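Here's the structure we're looking at; comments come further down.
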Amino acid sequence: MLHERYDWLDQARGFVVLLLIVSMPTSEYAGDLLTGDPVLGPPMLNHGYEYFDGDPAITTFIDSGQALFLLVMGFVGYTAFTSRLRKRGKGAAFWYCARRVGVLYALASIDCVLLELATSGKPKWGDFFYNGTFAMIALGTLCAFLSIVVIPNADRRMLFSVGLIMLHSLLYAFPFFDHHTWYDNILALPKFPFGTLGMCAMAIAGSSFGQWHAMDPDNPRTGFRKRIVPVSTAAFVAAYCMDWVQPAQHHDSNAAMLLQAMYIGGFMLMIFFAFGEVGFRFPLLSSLGRNLLLMFALGGLFIGIYLDCFPKEFLLQSPYLALLLGGLAPIVILSCVAVFLDRRGIMVRA
């Protein structure tokens with residue numbers, strides 16, 4: 001093994017995957033209070049825009065999910081990339097980077113090309129190259145690895161990430177580019193990849209978190225005490241202030257949303273590290289976290305197919321039926337796959 005595996009980190013990764021799984025049925029069965037369309041599932045575990053897509057947007061904990069995923073990917077990617085760089089050389093490290101990005105783009109081709117051809121007859125090339133979920137993760141991963149090489153100092157790399165978030169905020173503030181609002185569509189403003197820029201900034205920040213964790217090889221508490229928790233607290237304050245000036249928006253991943261994901265991610269890592277220190281764990285989360293990318297792909301590509309088998313009108317017959325088939329079954333199905341792979345020591349790596 002190239003580097004030590006931390007169970008508490010697998011727990012945190014598993015929690016992020018669990019959030020993804022939960023957000024899919026709540027999004028599928030969301031209603032509209034204005035039109036009287038019934039709501040199924042807990043609203044706080046769904047995207048706020050599913051209930052009111054206005055300006056300013058309503059946001060929830062779940063709206064931070066994609067940026068949170070990129071932060072964790074950057075954290076994990078730092079150790080994986082630098083271990084190869086240190087022990088096997090630049091060739092092995094960059095080959096790992098190419099494999100990781102290539103697998104993500106392969107998933108993007110399934111999601112944005114093959115499935116779109118099958119359903120609508122037309123590929124979504126913009127989503128495939130830069131604007132889709134898997135493309136954003138791929139580009140974020142690439143930026144994180146390149147930033148580790150170009151800016152090896154974690155503090156400076158975090159400052160660079162903050163600089164990208166500030167740039168994002170400035171570009172978002174001026175009426176030069178199209179935003180996710182109906183009136184910008186009327187103005188026919190040019191597109192700008194706000195989401196992609198935000199995800200790259202989060203992945204770079206995650207790589208700094210990963211390096212800070214390794215600040216003292218003999219005592220990982222040092223990195224949490226000196227950097228991760230203080231930076232997360234600063235992000236909490238900054239997110240609160242920014243939300244007054246430029247309210248958080250999910251689709252464009254603006255500064256308030258990115259800072260929200262940063263402090264949620266930092267505190268989440270601290271919580272699971274503390275759980276590990278006292279010997280408290282959730283076995284299922286470790287199984288989900290060890291195959292993070294595979295579980296993310298299965299959740300993103302196949303839960304939607306499963307949910308199509310149980311339309312909302314059918315589940316409205318009974319709240320217990322909705323809980324069983326919509327709320328619990330997707331979690332159970334993917335958890336069984338994760339536990340099956342885990343017990344056989346199978347980890348699908350990019």
Side-chain angles (χ1 to χ4, degrees), residues 9 12-23 27 44-49 56-78 133-134 136-137 139-141 143-144 147 157-169 172 180 193-210 212-213 224 227-273 289 292 296 300:
L9 184 54
R13 286 152 54 108
F15 181 69
V16 174
V17 173
L18 188 60
L19 289 179
L20 166 77
I21 298 171
V22 169
S23 71
S27 179
M44 277 303 293
L45 294 177
N46 191 8
H47 296 287
Y49 63 81
I58 293 176
T59 57
T60 69
F61 175 78
I62 290 295
D63 283 301
S64 301
Q66 188 174 10
L68 180 60
F69 185 90
L70 265 294
L71 184 80
V72 173
M73 287 283 285
F75 187 104
V76 176
Y78 170 79
T133 299
F134 290 112
M136 287 186 189
I137 297 173
L139 293 172
T141 300
C143 286
S147 71
R157 202 159 64 249
M158 175 56 77
L159 288 176
F160 178 67
S161 173
V162 171
L164 290 179
I165 295 174
M166 292 174 64
L167 173 63
H168 190 299
S169 178
Y172 189 81
H180 187 78
F194 283 113
T196 305
L197 176 60
M199 294 308 105
C200 290
M202 290 304 297
I204 293 169
S207 73
S208 292
F209 276 45
W212 287 332
H213 171 256
F224 278 101
R227 289 290 188 279
I228 295 177
V229 174
V231 168
S232 301
T233 304
F236 175 80
V237 175
Y240 172 76
C241 295
M242 198 67 207
D243 223 345
W244 282 85
V245 179
Q246 195 180 77
Q249 209 280 343
H250 169 84
H251 293 89
D252 292 323
S253 300
N254 64 357
M257 180 59 63
L258 296 172
L259 292 166
Q260 176 179 305
M262 188 180 296
Y263 78 74
I264 289 174
F267 292 155
M268 179 195 71
L269 291 168
M270 182 68 245
I271 288 169
F272 280 102
F273 175 75
L292 174 69
F296 184 87

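What you see is a predicted model; the values in this text were computed from it and never measured.
- Looking only at side-chain heavy atoms (C-beta outward), Q246 and S169 come within less than 4.5 Å of each other.
- Within the 4.5 Å cutoff, no side-chain heavy atoms of L20 are placed close to those of V16.
- Looking at heavy atoms from C-beta onward, T60 lies out of side-chain contact with L45 at the 4.5 angstrom threshold.
- Residues D252 and Y172 form a side-chain contact, since some pair of their non-hydrogen atoms from C-beta on lies under 4.5 Å apart.
- With contacts defined as side-chain heavy-atom distances shorter than 4.5 Å, the pair M199/L139 does not qualify.
- Using a 4.5 Å heavy-atom threshold, the side chains of F209 and M158 count as touching.
- Between F134 and F296, the distance separating the two ring centers is shorter than 6.0 angstrom.
- For the pair F224 and P230, the tightest heavy-atom approach, listed with the atom from each and the gap, is O-CD, 3.6 Å.
- Side-chain contact check for M262 versus I165: some heavy-atom pair is nearer than 4.5 Å.
- The 12-atom threshold is exceeded at CZ of F267, counting heavy atoms of other residues, nucleotides or ligands nearer than 6.0 Å.
- A distance of 12.5 Å separates CE of M257 from CE of M242, quoted to the nearest 0.5 Å.
- With contacts defined as side-chain heavy-atom distances shorter than 4.5 Å, the pair L19/L68 qualifies.
- Under a 3.5 Å cut-off, the side chain of D63 and the backbone N or O of G48 do form a donor-acceptor pair.
- Remark: side-chain polar atoms of H250 are not paired, donor with acceptor, to backbone N or O of A57 under 3.5 angstrom.
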